[in-house]
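Quick note: residue numbers are just sequence positions, from 1. In this text the structure is predicted, and so the values were computed from the model without any measurement.
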Amino acid sequence: MKLAMIGAGYVGLTTGACLAELGHHVVVFDIARDRVAQLRRAALPIFEPGLDRLVHKTLSSGRLSFTDCIKQAIENVQAVFIAVGTPSLDDGDIDLSQIDAAAHLIAANLDPQTVIVIKSTVAVGTAGRVREIVAEKRGKADFFVASNPEFLREGSAISDFMRPDRIVLGYDDEQAGDVLDAIYAPLAGVAPVCRTSTADAELTKHTANAFLAMKICFANQVADLCEAVGGDVNAVMEAVGRDSRIGRSFLNPGPGYGGSCFPKDTRAFAHTGRSKNAPQSLIESVIATNVERPARLSRRILSQAGLMRGDAVALLGVAFKANTDDVRESPSMEIARELTKAGIRVHVHDPQAMPNARRVLGHEVDWFDNPMDALSGVDAAVVATEWDDYRRLDLRRAAECMCGRHLFDFRNLLDPAKARHAGLVYHSIGRATVNFKSDGAQRAVWSRGGVLPFPAAAGRP
Ligand code: NAD
Ligand code: UGA
């Protein structure tokens with residue numbers, strides 16, 4: 001089938017390339033001309049594992065192409081996907097201006113009977129809004145609008161698209177449903193297909209993201225409780241997650257959820273609830289707790305490492321999670337801001353996200369191309385993103401490079417015993433702090449907000 005994709009961001013680019021890999025002919029259009037020019041050379045504007053190879057392959061096969069001409073993009077296509085951005089407005093509502101602009105662009109050039117498929121994450125009712133915009137501009141409603149929310153995650157986008165847990169097809173006309181079925185026919189045996197109305201499809205996407213954010217927030221609060229009472233959040237979640245009604249995934253505590261989706265989508269979900277008089281108090285509370293978390297963890301670093309103005313901290317990882325260069329609403333970036341506000345010099349390293357982070361933090365922090373350089377001479381270190389590079393960190397070398405002893409692992413990534421043997425005071429999330437001054441057996445020091453006595457052997461100036 002011949003398809004068009006409006007928007008060449010994380011979602012448009014990945015799903016466009018994946019649909020081409022499934023055998024369709026896909027033309028991707030973006031208003032950012034430089035992005036289109038770059039993509040035509042198979043140079044990717046984003047980092048996503050495996051995407052460069054897939055784009056290169058599908059471009060070479062002729063099934064994927066890029067254009068900055070809307071007429072050329074949607075000529076003779078059976079469906080036009082909209083995958084433009086849907087950021088937050090100040091009150092939490094979704095800013096639909098990119099969707100509206102895309103609808104206006106499409107309207108004048110659309111062939112009759114084409115299906116407009118909304119892939120962006122939108123508020124309930126947006127399919128109806130797009131239908132109105134396009135019908136008004138065309139002076140007739142000779143087209144269909146469908147909703148096909150996307151559930152891929154950055155970092156595993158290709159496999160998430162190719163092997164999804166389910167495919168959600170929202171349509172209000174059978175003809176639109178038939179076109180969607182034909183598009184997804186190659187994946188029909190791979191994943192269950194949920195067919196529903198456009199409104200339910202829109203609601204499904206926001207509900208799923210709100211629930212996942214709630215799971216993470218719950219795990220973070222349980223971790224706080226474990227810290228306070230001497231529990232081990234990993235052990236608790238392993239056991240809790242064995243209950244098939246609960247499940248183990250998305251119960252990993254950390255510095256809070258970030259990224260371009262959960263924060264904005266929870267805000268939008270809560271906003272819809274408020275505006276429709278169906279308050280989503282659970283999610284309102286999740287949002288408030290998550291916003292507060294980086295500041296809470298920053299206070300913990302300052303207090304437990306006994307830091308003073310002018311001290312230095314290495315911050316390993318600024319991407320909102322591993323395997324992406326995305327720093328949007330990254331909790332780690334907030335931690336950097338909180339620490340600098342407290343007069344701490346922050347040494348930042350990230351394997352992929354430094355160019356994006358540098359555009360935001362600029363000269364507020366110092367940038368290092370490798371983790372050992374970032375650790376050199378610091379009074380404390382923080383692992384904030386779960387990159388494999390940090391999982392494999394040579395802790396003995398790290399300890400030698402550092403001036404202080406305190407290592408904060410906000411992803412529970414490292415082995416406490418190895419940290420202890422390296423001579424570090426190892427703080428993690430929802431588990432005992434492990435002090436290197438142990439005598440034989442591992443000694444756990446329960447530390448709740450207090451400053452740990454700084455070991456003289458650490459040789460801190
Ligand atoms: P993005 O910011 O990476 O990309 C958006 C692209 O749309 C940009 O290239 C921009 O230039 C282009 N654009 C803006 N207005 C346009 C217009 N009028 N015509 C053509 N192109 C236009 O955004 P993204 O991360 O790909 O997200 C897109 C949507 O998908 C959002 O609604 C998001 O919530 C949703 N989503 C994102 C993910 C994810 O992991 N990033 C996953 C699922 C769903
Ligand atoms: C998320 C959803 O997982 C996707 O299904 C969805 O399509 C996407 O949002 C979207 O709507 O755009 P993504 O934001 O790429 O995907 O990343 P996740 O892997 O979900 O992680 C989101 C945040 O939660 C990250 O900051 C991550 O570190 C954090 N997280 C995740 C935890 O703290 N603990 C966990 O157990 C899982």
Side-chain angles (χ1 to χ4, degrees), residues 214-243 245-257 285-286 288-290 292-307 313 316 331-332 335 338 379-384 386 390-391 393 395 398-399 402 404-458 460:
M214 187 170 69
K215 270 187 108 175
I216 296 166
C217 187
F218 180 70
N220 287 340
Q221 291 200 328
V222 173
D224 293 344
L225 185 61
C226 286
E227 280 163 29
V229 300
D232 178 334
V233 70
N234 285 8
V236 172
M237 289 311 176
E238 278 308 320
V240 167
R242 293 280 170 177
D243 186 325
R245 294 168 302 174
I246 297 172
R248 178 64 184 86
S249 64
F250 280 70
L251 287 178
N252 296 321
Y257 61 78
S285 162
V286 164
T289 308
N290 194 66
E292 210 279 322
R293 192 156 180 82
R296 180 187 169 97
L297 293 183
S298 304
R299 287 196 297 276
R300 198 179 145 191
I301 298 166
L302 295 172
S303 152
Q304 292 185 333
L307 298 178
V313 167
L316 302 183
S332 174
I335 291 173
E338 290 290 334
D379 301 283
V382 180
V383 174
E386 71 282 23
Y390 304 147
R391 209 186 296 274
L393 204 65
L395 292 179
M402 289 169 64
R405 300 290 86 187
H406 289 264
L407 172 64
F408 294 83
D409 176 4
F410 288 157
R411 296 287 185 168
N412 288 357
L413 199 65
L414 303 164
D415 181 348
K418 282 191 183 154
R420 179 171 61 91
H421 286 127
L424 292 163
V425 183
Y426 176 73
H427 310 263
S428 54
I429 297 269
R431 299 188 299 184
T433 290
V434 175
N435 194 327
F436 80 99
K437 282 184 84 183
S438 86
D439 40 27
Q442 186 167 304
R443 185 167 70 94
V445 180
W446 295 107
S447 48
R448 192 183 170 216
V451 180
L452 282 175
F454 205 92
R460 184 170 187 259

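A 4.5 Å side-chain heavy-atom check between Arg431 and Tyr426 finds at least one atom pair inside the cut-off. Residues Arg300 and Glu227 meet the side-chain proximity criterion, which asks for heavy atoms closer than 4.5 Å. Between Ile301 and Glu338 there is no side-chain heavy-atom pair separated by less than 4.5 Å. Considering only heavy atoms from C-beta on, Leu316 stays 4.5 Å or farther from Val382 through its side chain. Using a 4.5 Å cut-off on side-chain heavy atoms (C-beta onward), Val286 and Phe218 make no contact. For the pair Gln221/Thr289, a side-chain contact is recorded, criterion being any heavy-atom separation below 4.5 Å from C-beta on. Within the 4.5 Å cutoff, side-chain heavy atoms of Asn220 are placed close to those of Arg293.
Expressed to the nearest 0.5 Å, how far NZ of Lys215 lies from CG of Leu251 amounts to 4.5 Å. Summarising the geometry, atom CG belonging to Asp232 is positioned 7.5 Å from atom OG belonging to Ser428; distances are rounded to the nearest 0.5 Å. Once rounded to the nearest 0.5 Å, the distance linking CG of Leu414 with CZ of Arg411 reads 12.5 Å.
When every heavy atom of Gly254 is checked against every heavy atom of Ile429, the shortest pair comes out as O-CD1, 4.1 Å. Leu413 and Asp409 make their closest contact through N-OD2, 2.6 Å (heavy atoms, listed as atom of the first residue, atom of the second, distance). Across every non-hydrogen atom of Pro253 and Ala223, the tightest pair is CB-CB, 3.8 Å. Here the closest non-hydrogen pair linking Pro331 and Pro294 is O-CB, 3.8 Å. Scanning both residues, Ser298 and Ile335, for their nearest heavy atoms gives OG-CA, 3.7 Å. Across Ala219 and Val233, no two heavy atoms sit closer than the pair O-CG2, 4.2 Å.
The pair Arg391-Asp415 does not meet the salt-bridge criterion, since no charged nitrogen lies less than 4.0 angstrom from a carboxylate oxygen. A salt bridge links Glu238 with Arg248: the distance from a Lys NZ or Arg NE/NH1/NH2 to an Asp or Glu carboxylate oxygen falls below 4.0 Å. Electrostatic pairing of Glu292 and Arg299 counts as a salt bridge here, judged by a charged N lying under 4.0 Å from a carboxylate O. Between Asp379 and Arg405, none of the side-chain N atoms (NZ, or NE/NH1/NH2) sits under 4.0 Å from a carboxylate O, so this pair counts as no salt bridge.
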Fill in: Audit row: Arg296, Asp224, side-chain contact (heavy atoms from CB on, under 4.5 Å) steps and yes/no
CA-CA 11 Å; Arg296 180 187 169 97; Asp224 293 344; 3.4 Å; yes
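The aromatic rings of Phe408 and Phe410 sit tilted, their planes meeting at an angle between 30° and 60°.
Between the side chains of Asn252 and Asn412, no donor-acceptor pair is found at a separation under 3.5 Å.
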